[in-house]
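These notes concern the structure reproduced below.
Counting starts at 1 for both ligands and their atoms, in listed order.
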Amino acid sequence: MDKHDQHDAHHHQGNRIEDKRLITGAGKYASDWNVAGQLYGYFVRSDRAHAQIAGIDTVAALAHPGVKKVFTGEDAVAAGYVLPPHSLTLPGKNGSKAKPTRRPVLAQGKVRFVGEAVALVVADSAAAAQDAAELVAIDYRDLPSVVRPDQALEPGAPQLHDDVPGNLLFEADAGDEKEVEAAFAKAAHVTRLKVESTRVSPSPMEPRACLVAYDAKADSYRFNVVMQGVTTLRKQISAWTKMPEEKLVFEAHDVGGGFGQRTVAYPEYCALMIAAKALGKPVKWVSTRIEAFLTDTHGRANIIDGALALDAQGKFLAMRLDWINDMGAYLSPGSVGHIRNTSVCMTGVYKIPALYATFRAPVTNCTPVGSYRGAGRPDIAYAVERLVNQAAADIKMDAAELRRLNFIPPEAFPYKTPTGSTYEIADLPGLLSKALKLGDWQGFAKRRAESAAKGRLRGIGISTVIENTGAGNADKDEVEIRVDGTGVVEVHMVAKTQGHGHETTLSAIVANTLQVPVEQIKLVQCAPGNMLQGNHTGGSRTTVGAGSVSYLAANKLIEEGKALAALEMKLEPSQINYAKGEFRSAESSRALKLADLAKAKPLKVVAEGKFGSTFPNGCHIAEVEVDRDTGVTEIVRYCAVDDCGEVINHAIVEGQLHGGVVQGVGQVFGEHIVYDRESGQPLAASFMDYYMPRAGKLRELKGEEHPTPSKVSPLGVKGVGESGCTASLPVLVGAVIDALRPLGIEHLDMPMTPSKLWHAMQTAKA
Ligand code: MCN
């Protein structure tokens, strides 16, 4: 079946195969795993932002009934589990490299953020482990702390690591400084704007959990752990613990959300390995929600100072960006995405001839930062789109028209950006026109007047964004298809759904290619012990990668089936036709089903592929009303036109967009990890004080597709998992600022809380 039939066949597939299991409580999550004789771990965590550890007294804890052992940093050092791997291998300024941070899996000598694991208490019940943990006495000597990344770089700031002078982990630049200087010198207008993409907690529903069993005979470990795919996690745990990858076996069934946070190796998993080996029994740990806030990697956390140079007609001449990326106390294993991705799409959807950007990544006494849905793409889109809006206001030009004037034109694709990326294909003017119509851009003035009559400030925002999805770190993506004598088609891969609906979409790709009912397909992700290669699910790459290879594997199965059928029928493979699960030939009256061919020996094919980046893009338009008396913002319209290439399942794509947009809503209107600047204590570490967007905050999302099929993937698909997040930050903040601009307010940083807006409006009035 060619990809166009494939596309049609997928139309109107609504219900997701996995939903019945997931919403009737029949899912099996990491903390549901239990094995006979297991012990329970509880971590004693630092309650200081920065302190020397003068001593740890475990006597009382050890005497507590049920306690088996207490592990500390000395055990971690003895095991050699001290240097986490990291992926920040980008070339730095003047050939420099990122400075790796030593991080024993249990703190040794010093703690550097609130929540850092200091000791692991293992007991025969979870309650006993927790009770005993309270008896561990740690003698701290407090040190001054620093929680703001810009302050961490100032002279005289408290220093976190002896081998990271000035707290500067990594420094880099991109583009041509001289060219940019020259362009700014001759510009008719320069717009400047400094914005912050705030530190947030991704907060998947399922907290982390891990059960580790050690097999002394094989000297191997088995993990039941929440994950986004096995390959990255296995590689990182192997690097941290120096255990060969084949000695680390992982099993997970359902995963309750990931958002990037569930990709990486965490110290707790390695500490559990130490305990399981020492005690000869499996050890289980389930994170509490407060531990999730304190120790799961945070997202975003960067400050971007931007400037845009324009000529007298409004054409962009050059852009300058200065980034400070807060990395937290240690370089997380998932450290690179949110830095690399910013540079991949640094000029957004615009033709900007000259570009210069500098990056500095300091350490701070905060939770380590890693990838969060979009990983750098929302941050760069936010900085660039806010700059463009500000420029439009500065030169008094319509924000949509300024965009249209500066778009990369359709005929310029494939388009090479100043930072060396090649955008494959997009139709930006078409996208914009569709969105302006859907969002009734022209009718806004009237709606603004109607809102004003009710005493409300109405604003409109627009964002036009592009992002890279698809390419991964793995050498290739592999998919294995097995068919047995019953006709069940098992599809194996190492990506891992966390709620994305892969059982529906990836099964559909195989079912449609084989022209068999989808019920015949069984998707198996990350089967324990299966050493297939491939990328974890992240970077919106599963459909482009594993999805495309599923299609190739199904076609390979048909070809191999033809060869086998030909042998059976004593014909040539070229004489065999395949349709709807059956092999036939004009030369024979026989018909052989896939199952018939698999009776004697199961059929098995492995296909592989290596794909570059695809570039989904979109135009979102939103309107808000701000209540002058309370500062409360209502999102009154939200329209999204997106190009993710060919769509496998329309309902799922819409759901992905909706979810991404609402995560943006969360960051824009309330989510914020704040630390006290004096003590370094986190001030929002539970859902009592950390905002979560509710369904009512975004009542309706009107979406339309505007596909330009990708040739990178044989299915024509581009990723979509992060698109909503990327477009929503600038469009919503843009709408709020547009509402407040008549009062003279040009900039506020997220989150747009009622109190912040109320104070800004009061000050503006005065
Ligand atoms: N899809 C489709 N047609 C396309 C593109 C995608 O039907 N042209 C479908 C896919 O088959 C898949 C879903 O949309 O079911 C998302 O696909 P894709 O864009 O390939 O992204 P991934 O599957 O690789 O998911 C990763 C992405 C990321 S990086 C984050 S973070 C994120 C996200 O997806 N985390 C999520 N969406 C999430 N959704 C849920 N429910 N939970 C998370 O943790």
Side-chain angles (χ1 to χ4, degrees), residues 3 6-7 10-11 13-14 16-19 22 202-206 226-229 232 254-263 296-297 299 334 337-338 341 370-378 467-472 477 493-510 512 523 525 534-551 611 614 616 642-664 705-710 712-713 715-726:
K3 69 173 189 229
Q6 179 104 30
H7 180 222
H10 292 135
H11 262 289
Q13 291 188 345
R16 308 194 325 166
I17 292 171
E18 47 274 84
D19 283 353
L22 296 177
S203 306
M205 274 198 274
E206 184 189 7
V226 49
M227 64 175 171
Q228 291 186 211
T232 309
D254 293 305
V255 178
F259 310 123
Q261 256 188 346
R262 303 296 186 239
T263 307
D296 290 6
T297 51
H338 58 291
N341 289 330
S371 294
Y372 168 44
R373 199 170 194 172
R377 307 171 189 88
E467 59 183 7
N468 51 309
T469 66
D477 278 300
M493 62 182 63
V494 293
K496 184 83 194 152
T497 185
Q498 309 131 49
H500 307 71
H502 289 172
E503 280 164 73
T504 302
T505 53
L506 301 178
S507 301
I509 291 170
V510 175
N512 287 311
L523 184 74
Q525 297 186 311
N535 287 294
H536 67 267
T537 286
S540 304
R541 65 173 69 92
T542 307
T543 314
V544 175
S548 300
V549 182
S550 299
Y551 168 77
F611 306 94
T614 63
D642 282 272
D643 169 9
C644 64
E646 300 284 2
V647 169
I648 305 294
N649 183 304
H650 296 272
I652 286 182
V653 162
E654 193 184 326
Q656 284 293 313
L657 263 171
H658 205 150
V661 167
V662 173
Q663 271 180 319
E705 293 165 7
H706 189 71
T708 61
S710 165
V712 168
S713 149
L715 290 171
V717 294
K718 307 176 187 177
V720 76
E722 293 153 295
S723 305
C725 243
T726 301

Test of proximity, [X] against ligand 1: N or O pairs below 3.5 Å:
{"X": "V653", "result": "no"}
{"X": "N649", "result": "yes"}
{"X": "C644", "result": "yes"}
{"X": "I648", "result": "yes"}
{"X": "G374", "result": "no"}

Which ligand 1 atoms does [X] reach within 4.0 Å, using its non-hydrogen atoms?
{"X": "E722", "value": "28 (C), 29 (S)"}
{"X": "K718", "value": "4 (C), 5 (C), 8 (N)"}
{"X": "Q656", "value": "13 (C), 14 (O), 16 (C), 33 (C), 34 (O), 37 (N), 38 (C), 39 (N)"}

Shortest non-hydrogen separation from [X] to [Y] and the atoms involved:
{"X": "P202", "Y": "Q261", "answer": "CD-NE2, 3.3 Å"}
{"X": "T542", "Y": "L506", "answer": "CG2-CD1, 4.1 Å"}
{"X": "G470", "Y": "R541", "answer": "O-CB, 2.9 Å"}

Residue and atom name of the nearest protein heavy atom (relative to [atom]), distance in Å to one decimal:
{"atom": "atom 30 (C) of ligand 1", "answer": "R373 CG, 4.0 Å"}
{"atom": "atom 20 (O) of ligand 1", "answer": "T543 OG1, 2.6 Å"}
{"atom": "atom 19 (O) of ligand 1", "answer": "V720 N, 2.6 Å"}
{"atom": "atom 43 (C) of ligand 1", "answer": "F259 CE2, 3.2 Å"}
{"atom": "atom 21 (O) of ligand 1", "answer": "S540 CA, 3.3 Å"}

Residue-level breakdown please: for [X] versus ligand 1, do any non-hydrogen atoms fall below 4.0 Å on the side chain, on the backbone, on both, or on neither?
{"X": "Q498", "value": "both"}
{"X": "E646", "value": "backbone"}
{"X": "I652", "value": "side chain"}

With a 4.0 Å cut-off on heavy atoms, is [X] touching ligand 1?
{"X": "P204", "answer": "no"}
{"X": "G539", "answer": "yes"}
{"X": "G547", "answer": "no"}

Identified side-chain hydrogen bond (donor to acceptor under 3.5 Å, both in side chains) counterpart of R377 within the set E467, H338, E722 | E722
Given H502, Q663, H500, which one has a non-hydrogen atom that is nearest to atom 32 (C) of ligand 1?
-> H500
Nearest heavy atom to atom 41 (N) of ligand 1: which of G260, G499, C725 does it belong to?
-> G499
Regarding T232 and T263, is there a side-chain donor-to-acceptor distance under 3.5 Å anywhere?
-> no
Any luck finding a side-chain donor-acceptor pair between S723 and Q656 under 3.5 Å?
-> no
